[in-house]
Amino acid sequence: QVQVVESGGGLVQAGGSLRLSCTTSGLTFLKYRMAWFRQAPGKEREAVSCINWSGRSTYYADSVKGRFSISRDNANNTLYLQMNSLKPEDTAMYYCARDKMSEADCGRTLVSDFAYWGQGTQVTVAS
């Protein structure tokens, strides 16, 4: 049974930090790129950050560059997103997802490229 479970969200004041985690089971984690997406009410789901299987290729949305950092633990099938200097506009449901195809780099990160999704974890940043 495939499971993708995000955790670590919550309510934080602007300027604060959160660390999201995504644990997976029942699917191959190694050799696949992983990504974080977010969706705010009334808006489309957007890519926040991506990391390829080795960690050598990453992508960050312009809005989070310099504030967020993605990492992965291949031994424990876990993905992370360290979020610093949070802003109210970062408020959204954050989702973790695994790519459909193996060994892809993070040059382009589209929702349609990803097959396995978690239920999301809510991040709310108060001003």
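Any value given below was found using the heavy atoms of this structure, including those in side chains, with hydrogens, waters and symmetry copies removed. In this chain, numbering begins with 1 at the start of the sequence shown.
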Is there a donor-acceptor contact under 3.5 Å from the side chain of [X] to the main chain of [Y]?
X	Y	result
R72	N52	yes
S57	D105	no
S85	G15	no
T28	L30	no
N76	T78	no

Hydrophobic cluster identity match, V64 and L18, side-chain contacts under 4.5 Å: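 Result: yes, single cluster for both.
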Side-chain contact, heavy-atom cut-off 4.5 Å: [X] with [Y]?
X	Y	result
S49	L81	yes
L27	Q3	no
Q119	M93	no
E6	T23	no

- prompt: Linking Ile, Leu, Val, Met, Phe, Trp and Tyr through side-chain heavy atoms less than 4.5 Å apart, which residues share a cluster with V5?
  reply: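 Cluster partners of V5: none, it stands alone.
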field: S7: side chain to side chain contact (heavy atoms under 4.5 Å, CB included) partners, not counting sequence neighbours
entry: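 By the side chain to side chain contact (heavy atoms under 4.5 Å, CB included) rule, S7 matches S21.
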field: Set of side chain to side chain contact (heavy atoms under 4.5 Å, CB included) partners for S63, sequence neighbours left out
entry: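 Partners of S63 under the side chain to side chain contact (heavy atoms under 4.5 Å, CB included) test: R38, A61.
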query: Does N84 have any side chain to side chain donor-acceptor pair (under 3.5 Å) partners at least two apart in sequence or in another chain, and if so, which?
result: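 Side chain to side chain donor-acceptor pair (under 3.5 Å) check on N84 returns S17, Q82.
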Minimum heavy-atom distance [X]-[Y], with the two atoms named:
X	Y	answer
C50	T109	CB-OG1, 3.4 Å
Q122	T91	NE2-CG2, 4.0 Å
M83	L20	CE-CG, 3.7 Å
P88	A14	CD-CB, 4.2 Å
K100	A115	CG-CB, 3.5 Å
S127	Q13	O-OE1, 3.9 Å

Spacing of [atom1] belonging to [X] relative to [atom2] belonging to [Y], to within rounding of 0.5 Å:
X	Y	atom1	atom2	answer
E46	L110	CD	CG	13.0 Å
S69	R19	OG	CZ	9.5 Å
C22	R98	SG	CZ	11.5 Å

message: Evaluate V4 against C96 for side chain to side chain contact (heavy atoms under 4.5 Å, CB included), listing each step before the verdict.
response: CA-CA 7 Å; V4 179; C96 165; 3.8 Å; yes
field: D113 bridged to R33 by N-O distance under 4.0 Å
entry: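 Looking at D113 and R33, the cut-off is met.
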message: Closer than 4.0 angstrom, basic N to acidic O: yes or no for D62 and K65?
response: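 Looking at D62 and K65, the cut-off is met.
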Pair listing, ring-ring contact (aromatic ring centres under 6.0 Å, His included) test, anchored in residues 18-60, at least two apart: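 Counting only pairs at least two positions apart or across chains, the ring-ring contact (aromatic ring centres under 6.0 Å, His included) contacts touching residues 18-60 are F37-F114, F37-W117.
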task: Only pairs at least two apart or in different chains count here, so list each ring-ring contact (aromatic ring centres under 6.0 Å, His included) that has a residue in residues 76-106.
output: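 Listed by first then second residue: nothing to list.
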- prompt: Can you tell which of V125, T124, D90 makes a side chain to side chain contact (heavy atoms under 4.5 Å, CB included) with V12?
  reply: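 With V12 as partner, V125, T124, D90 yield a single side chain to side chain contact (heavy atoms under 4.5 Å, CB included), made by V125.
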